[in-house]
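These notes concern the structure reproduced below.
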Amino acid sequence: HVQLVESGGGSVQAGGSLTLSCAAGRYTYKRNCMGWFRQRPGKDREGLATLWIGGATTTYADSVKGRFTISQDTDNAKNTVHLQMNSLKPEDTAMYYCAADPRNNCGFFPGDFAYWGQGTQVTVSS
């Protein structure tokens, strides 16, 4: 069973930055996909960024491209993926989720990911 634990959420003013982290525990993530999603109140869960671990290939939603960066720890034993979020806006306020999937081709929709963390809240005030 894959356990994903997010951390790093919190409250920040508009224009600020936060870094979210996702620890995958003993999950062997080579050649697998990791992703970050968010769900705003009253909205569907949306994909923000994905990372194919095997090739370090990243994909971003247009809404966060240039502001958010997904990355992995160079120390593979930690199995940790991060989401660096800069220039945050009030509309970025949401619950943020880490997700993982064993497939080699990363999708960008919630249904493309088999494993999910519990989420971490991000609140951006104006």
Side-chain angles (χ1 to χ4, degrees):
H1 179 68
V2 175
Q3 286 189 317
L4 303 174
V5 180
E6 301 101 334
S7 62
S11 297
V12 65
Q13 289 191 325
S17 299
L18 282 174
T19 300
L20 306 182
S21 298
C22 174
R26 288 175 282 182
Y27 179 57
T28 303
Y29 64 93
K30 284 190 174 180
R31 298 183 177 274
N32 295 146
C33 293
M34 299 290 291
W36 283 98
F37 291 75
R38 71 183 177 194
Q39 190 160 15
R40 291 178 279 192
K43 303 290 186 181
D44 292 335
R45 192 168 296 189
E46 60 177 327
L48 301 175
T50 65
L51 170 65
W52 179 51
I53 300 296
T57 303
T58 58
T59 305
Y60 294 94
D62 288 342
S63 60
V64 303
K65 197 174 294 183
R67 298 191 299 126
F68 292 10
T69 303
I70 187 171
S71 64
Q72 58 179 311
D73 272 348
T74 54
D75 180 353
N76 288 344
K78 295 183 180 179
N79 291 344
T80 303
V81 174
H82 306 283
L83 185 69
Q84 173 69 41
M85 304 186 296
N86 298 324
S87 302
L88 284 163
K89 306 174 183 179
E91 53 263 44
D92 293 318
T93 295
M95 184 70 76
Y96 283 69
Y97 296 91
C98 174
D101 193 85
R103 287 177 288 186
N104 287 331
N105 295 317
C106 291
F108 210 74
F109 298 96
D112 295 324
F113 287 79
Y115 306 106
W116 293 85
Q118 294 299 307
T120 184
Q121 177 68 36
V122 171
T123 302
V124 184
S125 58
S126 57

For this session: Look up atom CG in N105 and atom CH2 in W52, then write down how far apart they are to the nearest 0.5 Å.
Result: 8.0 Å

Exercise. Between D92 and K89, is there a salt bridge with N-O shorter than 4.0 Å?
Worked result: no

Problem set entry | Reported OG1-to-CG distance for the pair T120 and L18, which is rounded to 0.5 angstrom | 9.0 Å

Seminar exercise, completed: In short, D101 meets A114 closest at the heavy-atom pair OD1-N, 3.0 Å

Exercise. Looking at CZ of F68 and CZ of R38, how far apart are the two atoms once the value is rounded to the nearest 0.5 Å?
Worked result: 5.5 Å

For this session: Kindly indicate whether the side chain of W116, heavy atoms from C-beta on, has any atom under 4.5 Å from the side chain of R45.
Result: yes

Exercise. F108 and G47: which non-hydrogen atoms are nearest, and at how many Å?
Worked result: CE2-O, 3.3 Å

Exercise. Should Y115 and F37 be regarded as members of a common hydrophobic cluster, given that ILVMFWY residues are connected when their side-chain heavy atoms come within less than 4.5 Å of each other, either directly or indirectly?
Worked result: no

Exercise. Under the 3.5 angstrom rule, does the side chain of Q118 hit a backbone N or O of V5 as a donor-acceptor pair?
Worked result: no

Exercise. According to a 4.5 Å side-chain heavy-atom criterion applied to Ile, Leu, Val, Met, Phe, Trp and Tyr, with indirect links allowed, do M95 and F113 form part of one hydrophobic cluster?
Worked result: yes

Exercise. Atom CE in M34, atom OG1 in T80: separation rounded to 0.5 Å?
Worked result: 8.5 Å

Exercise. Under the 3.5 angstrom rule, does the side chain of N86 hit a backbone N or O of S17 as a donor-acceptor pair?
Worked result: no

Problem set entry | D112 vs R103, side chain to side chain contact (heavy atoms under 4.5 Å, CB included): CA-CA, chis, key distance, verdict | CA-CA 9 Å; D112 295 324; R103 287 177 288 186; 3.7 Å; yes

Exercise. Per the side chain to side chain contact (heavy atoms under 4.5 Å, CB included) rule, which among I70, T50, L20, D73 passes with V81?
Worked result: I70

Exercise. Would a hydrophobic clustering, with Ile, Leu, Val, Met, Phe, Trp and Tyr connected at side-chain separations under 4.5 Å, put Y97 with L88?
Worked result: no

Exercise. Roughly how far apart are T123 OG1 and Q13 CD, rounded to 0.5 Å?
Worked result: 12.5 Å

For this session: Answer yes if L48 and L4 sit in the same cluster of Ile, Leu, Val, Met, Phe, Trp and Tyr residues linked by side chain heavy atoms under 4.5 Å apart, and no otherwise.
Result: yes

Exercise. Roughly how far, to the nearest 0.5 Å, is NE2 of H82 from OG of S7?
Worked result: 8.5 Å

Exercise. Is the backbone of E91 close enough, under 3.5 Å, to the side chain of R40 for a donor and an acceptor to pair up by distance?
Worked result: yes

Problem set entry | Smallest separation among heavy atoms of A49 and L83, with atom names | CB-CD1, 4.2 Å

For this session: For Q84 and T19, indicate whether the former's side chain and the latter's backbone hold a donor-acceptor pair under 3.5 Å.
Result: no

